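Just below is one structure, and these are the notes that go with it.
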Amino acid sequence: MDRQIRRLGFAFVALFALLFAQVAYVQVFAANRIAGEPANAARQIRAEYSVERGQILAADERTVLAESVANPDPNSVYRFLRKYPGRELYGQLTGYYSRIYGFNGLEDAMNPYLSGTAPEFTAQNLTDILLGRPKVGGTVLTTIVPSLQRVARSALGSHQGAVVALDPGSGDVLAMYSNPGYDPNPLSTGTDEQIKTAWNTLISDPQRPLVSKAFQELYLPGSTFKLVTASAALENGWGPDKTWPNPHVLNLPQSSSTLQNFGNEICHGGTTTVTMAQGFEQSCNVTFGLIGLHLGAERLSAEAHRYGFCPILPPNEVTCAEPTIPFILPWNSGRFPESSYFNENLPKVALSAVGLDNDKQNPLQLALESAAIANGGLLYAPRLVTEVRDSAGRTIKLFDKQEYGRPITPHTADQMRQMMISVVTSGTGTAAQIPGTIVAGKTGTATNCGPVPNCSVPPNAWFTAFAPAGSGQTPTIAVAVIVLDGGDLGSEATGGRVAAPIAKQVLQAYLKG
Amino acid sequence: MSAVAVPADAAQTRRARTGFGLLILAVAGSLLAYVLQGLGLHGEVPRNLAVYGLVFTGASLGGWLVIRYAARSADPALYPVAVLLGGLGLAMLYRLMDERGRVDIARDQAIWLLIGLVCFALTLLVVRDIRQLDAFTYTIGLAGIVLLLLPIVPGLGYEINGARLWVNFGFLQFQPAEFGRVLIVIFLASYLSQRRELLAAGIGRFGLPRVKDLGPLLLAWGASLAVLLLERDVGASLLLFGVFVVMVWIATGRSSYLLLGIVLFAIGAYIGWLALPHIQERVVIWFHALDPKNVNGIGYQLAQGWFAFASGGMVGTGLGLGSPTFIPYVGSDFILAAFGEELGMLGVAGILLLYLVLIGRGLRIGVERQDTFGKLLAVGLTTVIGLQVFTIAAGVLRLIPLTGVPLPLVSYGGTSRVATFVILALLVRASAGAWYRERKGP
């Protein structure tokens with residue numbers, strides 16, 4: 001009998017060995033394939049939504065840009081809902097977190113941290129599993145100053161356009177708002193039907209609220225590009241007081257076309273010559289067209305690329321694989337053609353020197369240029385995220401400020417600063433004056449017409465500035481503003497009249513606060 | 001005190017210490033699982049932890065004291081393993097029912113666990129020697145058959161989910177087959193211990209049993225078929241016949257009985273296949289649960305269980321953090337899949353190992369009992385638990401067609417909980433009896 005009992009024991013061990021083998025097969029060897037079956041989608045989505053995703057906080061570490069809250073409906077398969085208390089104020093920065101349309105913005109860029117799957121979380125996750133604690137993602141700290149972000153929104157008002165404010169000494173993004181923004185809440189919570197409706201409304205909107213005008217869209221820079229041309233001239237040893245011929249219009253070489261000043265005006269009262277500083281203050285196209293032609297394509301291209309414009313070769317290569325200056329969100333840096341593009345096209349050097357032809361930029365690109373000038377020529381890459389903390393408040397990842405390069409020498413930066421101050425004190429940018437504060441700025445009014453003559457489509461208005469800009473002062477903020485289609489002034493709009501007052505409000509709010 | 005008794009006492013003390021240590025671990029593990037499900041589900045320690053902890057610890061200690069009082073030299077591992085399995089099962093049931101907003105059901109199961117422990121204690125106190133049960137062979141056998149067939153009685157039995165295995169006495173609803181099975185095992189142990197010589201000798205030509213000795217085997221086969229066809233309870237039928245064949249084989253030592261049993265099983269299964277459409281469906285589901293046309297239809301339960309295991313992976317999501325409630329009837333038949341999702345492969349392997357320990361200890365008692373009745377009883381009772389665990393685990397894991405039987409001590413089910421505790425009490429009693437031979441120390 002005992003022999004049979006032992007055999008029975010072996011039989012049970014064999015049966016259980018079969019069970020163990022099958023468990024190992026289902027749960028380890030074939031687990032990913034089986035768990036990934038489409039029929040298991042409900043469980044996968046629920047698993048993702050059962051992690052309490054980390055918060056996204058503003059620079060004050062209190063203002064919540066995005067957070068996960070427990071679903072009040074206990075029967076829902078989604079244990080947490082993603083909320084964006086600021087609605088459209090931060091929508092283009094946080095992005096959305098949609099179970100149907102995926103995620104973008106910081107929700108995408110910081111996903112491994114927000115969901116707690118980044119390698120830095122391994123130790124914490126292991127502890128959580130052992131203690132059976134629910135997994136909680138990391139908190140992402142951003143550089144956004146909520147009060148400034150609100151000022152940016154209210155200053156833009158109903159204008160289509162965007163504002164970017166940077167800290168020149170670190171590249172920190174203090175504010176970045178584009179109007180119209182969008183509210184990520186309806187894309188992230190609600191029934192499938194509601195989410196789809198919200199999505200369809202957004203993607204069919206001709207103003208493209210899902211794409212940020214601050215750092216994703218691209219526009220002609222117009223006269224704001226004179227920052228680059230002037231920098232190249234100064235770096236080339238041509239000082240602000242070097243005089244240049246001052247014809248009414250510039251006859252372009254190799255062609256019959258001409259370059260005119262804005263509104264076909266006469267620069268500096270029609271004197272025979274003007275200095276570069278005078279041409280800069282009045283934003284004379286003729287002066288800078290000439291400077292561009294004298295500099296030549298190579299030097300102009302090189303300077304633009306040092307400022308972070310990425311090289312393109314129109315008409316075939318007009319996009320860049322990657323932005324030149326790194327940024328945590330996918331963005332489009334400015335674009336400027338390679339010098340070889342101008343070989344057969346001398347007139348285009350003059351056009352490109354005043355921000356026309358194939359030049360492209362957005363407010364972030366322009367703000368970076370201002371910031372580099374404000375910071376003595378040292379350009380910091382824009383920084384939106386400073387730190388990630390785990391659920392216990394421990395810092396698990398720091399993002400240091402990041403030097404991008406030196407587009408200009410400190411001496412050139414100082415000369416640029418002085419020329420930009422006179423733009424605000426007595427030039428095209430007087431609307432940005434702040435009593436008691438020295439502001440340095442540059443206007444731009446870029447046509448929306450392309451090469452069509454006498455077109456009446458309202459232009460885009462640009463303005464960029466930094467402050468305080470006095471000698472020996474350290475500028476704490478650099479801004480760039482774009483107002484599309486002339487804002488409420490229509491074809492009467494200029495950067496100085498429409499964009500400068502917006503920049504002024506943002507500067508003033510930050511310097512006061 | 002005699003000189004011979006001293007080492008025996010020392011061994012007893014050692015056993016008691018080991019048993020108590022294991023019990024502490026089992027209680028701690030059970031309560032830890034309970035705390036973790038609360039943390040996982042609601043992010044907080046369950047509010048009634050103190051009450052639950054006290055009652056659970058108190059009841060577990062109570063059972064242990066009864067062993068110490070009534071069965072001093074008992075096996076030290078059986079009881080703690082049972083407590084741990086019961087505690088883990090309760091923690092999981094709380095988690096599952098809580099998510100569905102039916103904590104009351106989990107509370108009922110806790111009360112059933114208490115009733116089970118009381119029955120465990122009563123069995124130990126009433127049955128002071130396992131051989132007492134040897135005296136009423138046919139009375140017990142008859143009672144067993146009556147309980148098995150009770151659900152067929154019109155007005156008394158009723159159906160749930162297509163199987164007629166419930167009895168309603170108005171004040172009490174239960175599945176009599178769970179107890180019937182225990183009585184049948186006692187009857188068989190008693191009957192076979194008297195007849196085994198005859199049965200063993202009764203091997204005729206071709207090494208097969210003579211026709212007149214086939215009576216009991218055919219009778220058991222008939223009873224199993226009756227349970228299958230009249231109650232449509234595949235699980236109970238399978239267990240009954242399986243235990244019977246194993247016990248005859250152990251008693252006679254003749255492999256021919258085993259062979260014959262398998263042949264009869266195959267014939268019975270074929271009859272069931274022909275007679276019961278839902279058996280055919282089970283087989284179809286077994287093979288095709290994941291086919292696109294079935295995965296949200298007839299194969300949904302099995303597929304969701306399968307997905308639960310796969311989603312759990314190596315270490316699982318953590319208690320309270322998975323989605324096992326996607327599985328229909330997860331608390332009863334599919335509770336192993338819930339463990340698979342939330343505790344992973346390691347958790348499932350752990351639970352299966354606990355059962356393997358139970359089986360191992362049970363069979364060891366069988367080997368070490370000196371009397372045939374005790375041997376057969378221990379082996380029979382152990383086989384009931386072992387076959388039941390394998391049937392449901394292999395069914396959920398898609399090794400065999402799914403047969404709905406509870407996972408002993410863990411699954412939802414009051415009758416099964418109590419019956420399993422009675423089985424354990426008989427095993428504990430068998431390990432402490434006078435006929436039990438202490439293993440010689442090294």
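Residue numbers start from 1 in every chain, and the chains themselves are labelled A, B, ... in the order their sequence lines are given, proteins ahead of strands. All figures in this text were calculated on a predicted structure; none of them were measured in a lab.
For residues 17-30 of chain A, the interface with chain B (any heavy-atom pair closer than 4.5 Å) comprises A:Leu18, A:Leu19, A:Phe20, A:Gln22, A:Val23, A:Ala24, A:Tyr25, A:Val26, A:Gln27, A:Val28, sorted by residue number. By a heavy-atom distance cut of under 4.5 Å, not one residue of residues 383-399 of chain A is near chain B.
Put simply, the side chain of A:Asn40 does not reach to within 4.5 Å of the side chain of B:Trp306, judged on heavy atoms. Residues B:Thr252 and A:Gln4 form no side-chain contact, since every pair of their non-hydrogen atoms from C-beta on lies 4.5 Å or further apart. Using a 4.5 Å cut-off on side-chain heavy atoms (C-beta onward), A:Ile34 and B:Phe309 make no contact. Between A:Arg79 and B:Leu321, some side-chain heavy-atom pair lies under the 4.5 Å cut-off. Residues A:Phe16 and B:Leu353 are not in side-chain contact: their nearest non-hydrogen atoms beyond the backbone lie 4.5 Å or more apart.
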Checklist entry - Hey, mind stepping through B:Leu376 and A:Met1 against side chain to side chain contact (heavy atoms under 4.5 Å, CB included) and telling me if it holds? => result CA-CA 9 Å; B:Leu376 284 174; A:Met1 270 177 98; 3.6 Å; yes

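Here the closest non-hydrogen pair linking A:Asp2 and B:Gly366 is OD1-O, 4.5 Å.
Proximity to chain A (any heavy atom under 4.5 Å) is restricted, for B:Ile359, to the side chain, taken from C-beta onward. With a 4.5 Å cut-off on non-hydrogen atoms, B:Ala394 touches chain A through its backbone and its side chain both. In this structure, no portion of B:Ala33 lies under 4.5 Å from any heavy atom of chain A. Looking at B:Val246, only its side chain comes within 4.5 Å of chain A, counting heavy atoms on both sides. Proximity to chain A (any heavy atom under 4.5 Å) is shown, for B:Gln304, by both the backbone and the side chain.
No donor-acceptor pair under 3.5 Å is formed between the side chain of A:Arg43 and the backbone N or O of B:Ser311.
To the nearest 0.5 Å, atom CZ of residue A:Phe12 and atom CG of residue B:Leu387 are 4.5 Å apart. For the atom pair CD1 of B:Ile400 and CG of A:Leu15, the computed distance is 9.5 Å after rounding to the nearest 0.5 Å. Taken from CD1 in B:Ile250 to CD1 in A:Ile5, the straight-line distance is 5.5 Å, to the nearest 0.5 Å.
With respect to chain A, the highest number of heavy-atom pairs below 4.5 Å among B:Thr382, B:Thr372, B:Leu356 belongs to B:Leu356. Listed options B:Gly344, B:Gly312, B:Gly360 were ranked by heavy-atom pairs under 4.5 angstrom with chain A; first place goes to B:Gly344.
Taking a 6.0 Å sphere around CG of A:Asn32, one finds it holds 12 or fewer heavy atoms contributed by other residues, nucleotides or ligands. More than 12 heavy-atom neighbours from other residues, nucleotides or ligands sit within 6.0 angstrom of OH on A:Tyr101.
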